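To keep things clear, I will list the structure first and then write my remarks on it.
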Protein chains: 2
Amino acid sequence: MTRSEENYLKAIFHLGNGEAGSISTNAIAEQMDTKPSSVTDMAKKLAEKGLVHYKKYQGISLTDTGTRTALSIIRKHRLWEVFLVKKLDFTWDEVHEVAEQLEHIKSEKLIDKIDALLDFPKYDPHGDPIPTKDGKFMERDKQLLSDMPIHAQGVCVGVKDSSAPFLKFLDKNKIALGNTIKILDKEDFDQSLQILMEGKELRISHQIASNLYVKKND
Amino acid sequence: MTRSEENYLKAIFHLGNGEAGSISTNAIAEQMDTKPSSVTDMAKKLAEKGLVHYKKYQGISLTDTGTRTALSIIRKHRLWEVFLVKKLDFTWDEVHEVAEQLEHIKSEKLIDKIDALLDFPKYDPHGDPIPTKDGKFMERDKQLLSDMPIHAQGVCVGVKDSSAPFLKFLDKNKIALGNTIKILDKEDFDQSLQILMEGKELRISHQIASNLYVKKND
DNA sequence: ATTAAAATTTAGACAAATCTAAAAATAGGT
DNA sequence: ACCTATTTTTAGATTTGTCTAAATTTTAAT
Ligand SMILES: [Mn+2]
Ligand SMILES: [Mn+2]
Ligand SMILES: [Mn+2]
Ligand SMILES: [Mn+2]
């Protein structure tokens with residue numbers, strides 16, 4: 001497994017949102033910031049190795065082996081992100097770049113020890129689930145804040161956009177995962193929300209609300 | 001800096017034992033487990049980048065920049081080794097392979113935080129000194145056990161051979177860094193030693209004695 | 001000073017991962 | 001069904017790091 005192969009598998013997995021299904025050459029090229037012709041070349045190589053299904057012009061999908069491999073890289077990425085935040089005081093907007101490198105370190109023992117050191121975390125700093133060693137996924141029951149009805153209450157559990165600018169914006173506005181949240185009012189005009197977060201009132205644009213995941217109280 | 005370039009700089013540094021001086025193409029090739037022709041190619045590239053001095057047939061030596069770069073990689077390697085042993089319970093014979101990968105992770109913040117987490121260690125698990133951020137080296141006053149006179153006393157502080165088989169052998173014989181040691185007798189015939197280690201008598205072959213560093217008591 | 005051995009470099013090739021430009025296949029609209 | 005725009009693939013080139021085999025330079029011995 002080369003680093004590039006691993007990155008392709010991860011990209012294909014993410015584009016399929018975890019579900020199996022054919023992904024287009026162009027979509028992969030865009031996600032990987034490369035050219036479609038490069039994707040075609042790699043598709044052939046990965047198909048050769050039994051990691052993807054590929055038929056000319058028919059798109060690309062992960063085999064079972066490919067899915068397992070992708071999940072193991074995502075597991076490493078997210079565990080390293082937790083490590084960086086919990087043990088080294090990185091902020092949640094700094095970890096992704098470093099984790100992109102650390103996820104390619106080859107040592108099963110290393111990642112198992114990191115997992116244990118962190119007390120087997122279930123979610124990464126952005127609220128994304130950490131696959132288990134055998135590739136099991138524990139997706140949380142969550143929904144976008146923008147999809148919730150007025151007066152609904154819950155807890156912030158994740159972000160959809162995990163780009164540094166968005167995360168820094170959330171920090172600046174004291175919006176953090178784990179915070180309680182209640183929708184006080186929805187503005188029809190621009191779909192902005194008046195919310196109560198940890199006891200404080202706050203106005204939130206639709207753009208923000210559509211990138212924040214909330215676990216609704218029962 | 002590519003991974004390969006970094007590995008060449010490290011190899012050149014190690015072959016020079018820290019001192020500046022011209023290293024032969026063949027020596028580098030052997031150390032890197034590659035061919036002399038590949039070394040020549042890389043020598044040209046590194047010279048181009050100002051990291052080594054190189055004149056055809058005249059051998060290769062590090063520039064100041066090259067030395068600084070090599071030291072920063074060695075610093076990372078050794079800090080990661082300490083991390084693996086102290087925080088993740090790796091044994092000293094397991095860490096090198098993983099550190100070979102981790103040393104290439106690019107993040108100044110990461111290695112500084114690891115350094116702080118470990119409380120700024122001065123030596124790695126094999127007794128080798130860890131360069132400071134600005135490339136300062138703190139070589140310990142030590143000598144090979146085989147070079148010490150009879151009745152000399154001291155403390156084990158390092159290994160010359162840090163291959164897994166040797167380290168495992170030391171473990172098996174309860175020889176660890178930090179142990180007190182006294183030479184009771186030297187056998188002229190095979191230069192083996194009768195020693196007292198942490199209160200226990202032990203016989204040690206010349207091969208072992210010539211790979212163990214001891215800090216002599218004053 | 002010659003000469004043979006050893007070290008080093010050059011020349012040419014290859015694999016991996018990428019690119020550009022051109023060709024081929026597909027999909028959609030009429 | 002036909003044409004066109006889009007998508008995808010192919011062909012050929014490039015970069016990095018490596019290799020083998022041949023040529024060159026250095027070294028060290030006579
Ligand atoms: Mn990430
Ligand atoms: Mn994440
Ligand atoms: Mn090491
Ligand atoms: Mn070491």
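It should be emphasised that the depicted structure is a prediction, and the values quoted were computed from it without experimental measurement. Chain letters run A, B, ... following the sequence lines, proteins first and then strands; every chain starts at 1.
- Atom CD of E30(B) is separated from atom P of dA6(C) by 15 Å (rounded to the nearest Å).
- A ring-centre distance under 6.0 Å is found for F83(A) and F83(B).
- Computed from coordinates, the E48(A) CD to dA16(C) P distance equals 11 Å when rounded to whole Å.
- The CD1-P distance, from I28(A) to dT9(D), rounds to 10 Å in whole Å.
- Each of L212(A), I208(A), N211(A) was checked for a side chain to side chain contact (heavy atoms under 4.5 Å, CB included) with V159(A), and the lone residue meeting it is L212(A).
- Here salt bridge (Lys or Arg N to Asp or Glu O under 4.0 Å) pairs that include residues 47-56 of chain A, with residues two or more places apart or in two chains, are E5(A)-K49(A).
- The distance from atom CD1 of I23(A) to atom P of dT8(D) is 11 Å, rounded to the nearest whole Å.
- Pairs passing the ring pair (Phe, Tyr, Trp, His ring centres under 6.0 Å) check and including a residue from residues 19-71 of chain A, sequence neighbours excluded, do not occur.
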Reading 5' to 3' through nucleotides 22-28 of chain C, protein heavy-atom contacts under 4.0 Å coded B for base, S for sugar-phosphate only, - for none: --BSS--
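- Atom-to-atom, CG of D41(B) to P of dG12(C) comes out at 14 Å; the value is rounded to the nearest Å.
- Not one side-chain nitrogen or oxygen of S37(A) sits closer than 4.0 Å to the OP1 or OP2 atom of dT20(C).
- Side-chain N/O atoms of N26(A) include none lying less than 4.0 angstrom from OP1 or OP2 on dT6(D).
- In this structure, K44(B) places its NZ atom 7 Å from C1' of dT10(C), rounding to the nearest Å.
- Listed for the D161(A) side chain is a donor-acceptor partner under 3.5 Å among the backbone atoms of S163(A).
- N26(A) and S24(A) are not linked by any side-chain donor-acceptor pair at a separation below 3.5 angstrom, with hydrogens and angles left out of the test.
- Taking side-chain N and O atoms only, T34(A) has a distance below 4.0 Å to OP1 or OP2 of dC19(C).
- Within the structure, salt bridge (Lys or Arg N to Asp or Glu O under 4.0 Å) pairs that include any residue of residues 113-123 of chain A comprise R75(A)-D115(A) (at least two apart or interchain).
- Among the nucleotides dT7(D), dT16(D), dC19(C), the one closest to the side chain of T2(B) is dT16(D).
- For S38(B), no side-chain nitrogen or oxygen approaches OP1 or OP2 of dT18(D) to under 4.0 Å.
- A straight line from NZ of K35(A) to C1' of dA11(D) spans 18 Å, rounded to a whole angstrom.
- Salt bridge status for K109(A) with E97(B): absent, with no side-chain N to carboxylate O gap under 4.0 Å.
- What separates NZ of K55(B) from C1' of dT8(C) is a distance of 16 Å, to the nearest Å.
- Of all the residues in residues 3-15 of chain B, not one reaches under 4.0 Å from DNA chain C with any non-hydrogen atom.
- Applying the ring pair (Phe, Tyr, Trp, His ring centres under 6.0 Å) definition to pairs two or more places apart or across chains, those involving residues 87-111 of chain B are H77(B)-H96(B).
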